[in-house]
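Just follow the structure's listing: the first ligand is 1, and inside any ligand the first atom is 1.
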Amino acid sequence: MAIKELDWANIGFSYIKTDKRFVSNFKNGAWDGGAIVDDANIVMSEDAGVLHYAQECFEGLKAYRTEDGRVVTFRPDLNAQRMVDSAARLEMPQFPVDKFVQAVEDVVKANADWVPPYGSGATLYIRPVMFATGNVIGVKPADEYQFRIFVTPVGPYFKGGVKPIVVKISDYDRAAPHGTGNIKAGLNYAMSLHAIVQAHEEGFAENVYLDAATRTYIEETGGANIIFVDADGNLVVPKSHSDSILPSITRRSIVDVAQKYLGLKVDERYVKLEEVHNFKEMGLCGTAAVISPVGKINDHGKEICFESGMDDMGPVLKKLYDTLTGIQMGRLDPPEGWIHEIKL
Ligand code: PLP
Ligand code: COI
């Protein structure tokens, strides 16, 4: 057993096939015991529910190699619970939280050589996914499902790592009020693809979505929640009137880190687009994004520039970033239950 030799500093955020995956199937009203398997391919009916009515949800978390050589994951129980919530909303069977955490452990252990070295800038991305394999032709939930977890080593989500990015205010909506924006379902991403391709063509790294009902409040981006730092150095976290923001585990962790490790005040509130110019720093946060600084927002040609600028992460986000990643990589003592060690 030896860590794979990849160009870790330059792998980017894309799929690299690893050795093993976990697969469990739901049939006759129950999940089977699941197993670690070799086959990365899925064979299913042309009439599988996922292909027609998009009955699918997924998760994203990471495994890290620590300085002292351990392999750990970050709050996998929260991903398990969020998948339970996503499944419930989509009329899918729930995969039990303890079995999810065990499966994460098993699949990371089976691919231990793929966990990037400490300090390389890369991590092992863990992608649990659940989808309807059973036949449906009328619109209804299927009665057979697959739950699968695969892993793939990744580098930074945005090119340039922690260099500030430029984002645009989107003319498209991500999620309807009281729709599915608060669950991690593939359907929320399908409709964002046209918008992200356009944004990239225009030179922007991401889309900021406003609340769909009034187009006046900040909600989130296509793949990450948003945080701001106000003029007093406190953290401001946008809330949604219509529950259409994904409950990011990174964002919830940042709120705790800000309050308990850094002594910052945190204001979780509705944030209007028209007040954003008052903030000093802006960041995107998520498993993939970690904390990615935003240098400016382009609002239909008008630039909203943050004091932190386009060269570096601002000072408050930098402290949050160092503390959060310090906890994740084992350099700092974690709050109880945050770090889940995988015994190799
Ligand atoms: N918002 C969206 C739309 C996302 O896709 C993600 C990624 O998971 C997040 C927020 C961040 O969530 P988390 O911190 O749990 O990864
Ligand atoms: C994650 O951060 O885990 C996500 O699922 C976001 C996705 C855009 C890669």
Side-chain angles (χ1 to χ4, degrees), residues 11-16 56-64 73-86 89 100 104 122-130 149-159 165 167 170 172-176 179-193 195-197 199-200 205-212 218-227 237-240 242-258 268 282-292 294 320-321 324-325 327-328 338 340:
I11 57 172
F13 199 95
S14 53
Y15 177 69
I16 296 171
E56 185 264 6
C57 58
F58 68 100
E59 272 303 324
L61 64 160
K62 282 175 171 172
Y64 310 85
T73 56
F74 184 69
R75 312 187 79 179
D77 51 318
L78 296 192
N79 295 92
Q81 184 57 50
R82 190 168 61 188
M83 192 173 233
V84 164
D85 298 340
S86 299
R89 177 69 173 81
F100 179 109
V104 166
T123 51
L124 189 72
Y125 188 70
I126 305 167
R127 173 52 64 89
V129 56
M130 191 198 293
I149 306 179
F150 66 86
V151 297
T152 183
V154 294
Y157 190 63
F158 294 108
K159 276 195 214 99
I165 54 174
V167 297
S170 183
Y172 297 98
D173 295 319
R174 189 188 89 90
T180 54
N182 62 349
I183 61 164
K184 205 157 169 62
L187 55 89
N188 290 330
Y189 299 80
M191 42 56 59
S192 76
L193 296 176
I196 195 66
V197 168
H200 286 164
E206 250 291 11
N207 282 298
V208 172
Y209 292 101
L210 302 177
D211 72 295
I218 298 284
E219 293 232 312
E220 62 171 320
T221 65
N225 278 182
I226 295 174
I227 51 177
V237 180
K239 280 206 311 199
S240 167
S242 55
D243 199 16
S244 41
I245 297 178
L246 187 77
S248 157
I249 293 159
T250 314
R251 184 250 298 163
R252 288 181 270 160
S253 305
I254 287 169
V255 166
D256 276 0
V257 163
E268 298 195 55
M282 172 175 174
L284 308 190
C285 65
T287 299
V290 194
I291 298 178
S292 299
V294 174
L320 282 167
Y321 179 90
L324 178 71
T325 55
I327 292 169
Q328 291 169 331
W338 281 25
H340 188 92

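Protein heavy atom in closest approach to atom 3 (O) of ligand 2: Tyr125 OH, 2.5 Å.
Considering CD1 of Ile249 and CG of Asn79, their distance stands at 3.5 Å, rounded to 0.5 Å. Rounding to the nearest 0.5 Å gives a distance of 5.0 Å between CG of Asn225 and CD of Glu220.
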Under 3.5 Å, N/O to N/O: give me all the pairs between ligand 1 and the protein, one per line with atom names and distance.
residue: ligand 1; atom: 1 (N); partner: Glu220; partner atom: OE1; Å: 2.5
residue: ligand 1; atom: 5 (O); partner: Lys184; partner atom: NZ; Å: 3.2
residue: ligand 1; atom: 5 (O); partner: Tyr189; partner atom: OH; Å: 2.5
residue: ligand 1; atom: 8 (O); partner: Lys184; partner atom: NZ; Å: 2.8
residue: ligand 1; atom: 12 (O); partner: Ser248; partner atom: OG; Å: 3.4
residue: ligand 1; atom: 14 (O); partner: Ser248; partner atom: OG; Å: 2.6
residue: ligand 1; atom: 14 (O); partner: Ile249; partner atom: N; Å: 3.2
residue: ligand 1; atom: 14 (O); partner: Thr250; partner atom: N; Å: 2.9
residue: ligand 1; atom: 14 (O); partner: Thr250; partner atom: OG1; Å: 2.5
residue: ligand 1; atom: 15 (O); partner: Arg82; partner atom: NH1; Å: 2.8
residue: ligand 1; atom: 15 (O); partner: Arg82; partner atom: NH2; Å: 3.0
residue: ligand 1; atom: 15 (O); partner: Ile249; partner atom: N; Å: 2.8
residue: ligand 1; atom: 16 (O); partner: Thr287; partner atom: N; Å: 2.9
residue: ligand 1; atom: 16 (O); partner: Thr287; partner atom: OG1; Å: 2.5

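Taking a cut-off of under 4.0 Å to the non-hydrogen atoms of Arg127, the atoms of ligand 2 that pass are 5 (O). The atoms of ligand 2 that sit less than 4.0 Å from any heavy atom of Gly223 are 6 (C), 8 (C). Applying the 4.0 Å criterion to heavy atoms of Lys184 picks out, from ligand 2, the atoms 4 (C), 5 (O).
Applying the salt bridge (charged side-chain N to carboxylate O under 4.0 Å, His left out) test to Arg127 and every residue at least two apart in sequence or in another chain returns nothing. Under the rule for a salt bridge (charged side-chain N to carboxylate O under 4.0 Å, His left out), the partners of Glu59 that lie at least two apart in sequence or sit in another chain are Arg82.
Here's the thing with Tyr189: none of its N/O atoms is less than 3.5 angstrom from an N/O atom of ligand 2. Checked by distance only, ligand 2 and Tyr157 stay at 3.5 Å or farther apart across all their nitrogen or oxygen atoms. In terms of polar-atom proximity, defined here as any N/O pair under 3.5 Å, Ala288 does make such a contact with ligand 2.
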Please list every donor-acceptor pair under 3.5 Å in which a side-chain atom of residues 149-158 meets a protein atom from a residue at least two apart or in another chain.
residue: Thr152; atom: OG1; partner: Ile16; partner atom: N; Å: 2.7
residue: Thr152; atom: OG1; partner: Ile16; partner atom: O; Å: 3.0

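One side chain, Asn188 or Thr180, offers a donor N or O that lies under 3.5 Å from an acceptor on the other. Between the side chains of Asp77 and Gln81, no donor-acceptor pair is found at a separation under 3.5 Å.
One finds no salt bridge joining Glu219 and Arg174 here, because no Lys/Arg side-chain nitrogen approaches an Asp/Glu carboxylate oxygen to under 4.0 Å.
With hydrogens and angles ignored, the 3.5 Å screen pairs a side-chain donor or acceptor of Glu206 with a backbone N or O of Gly223.
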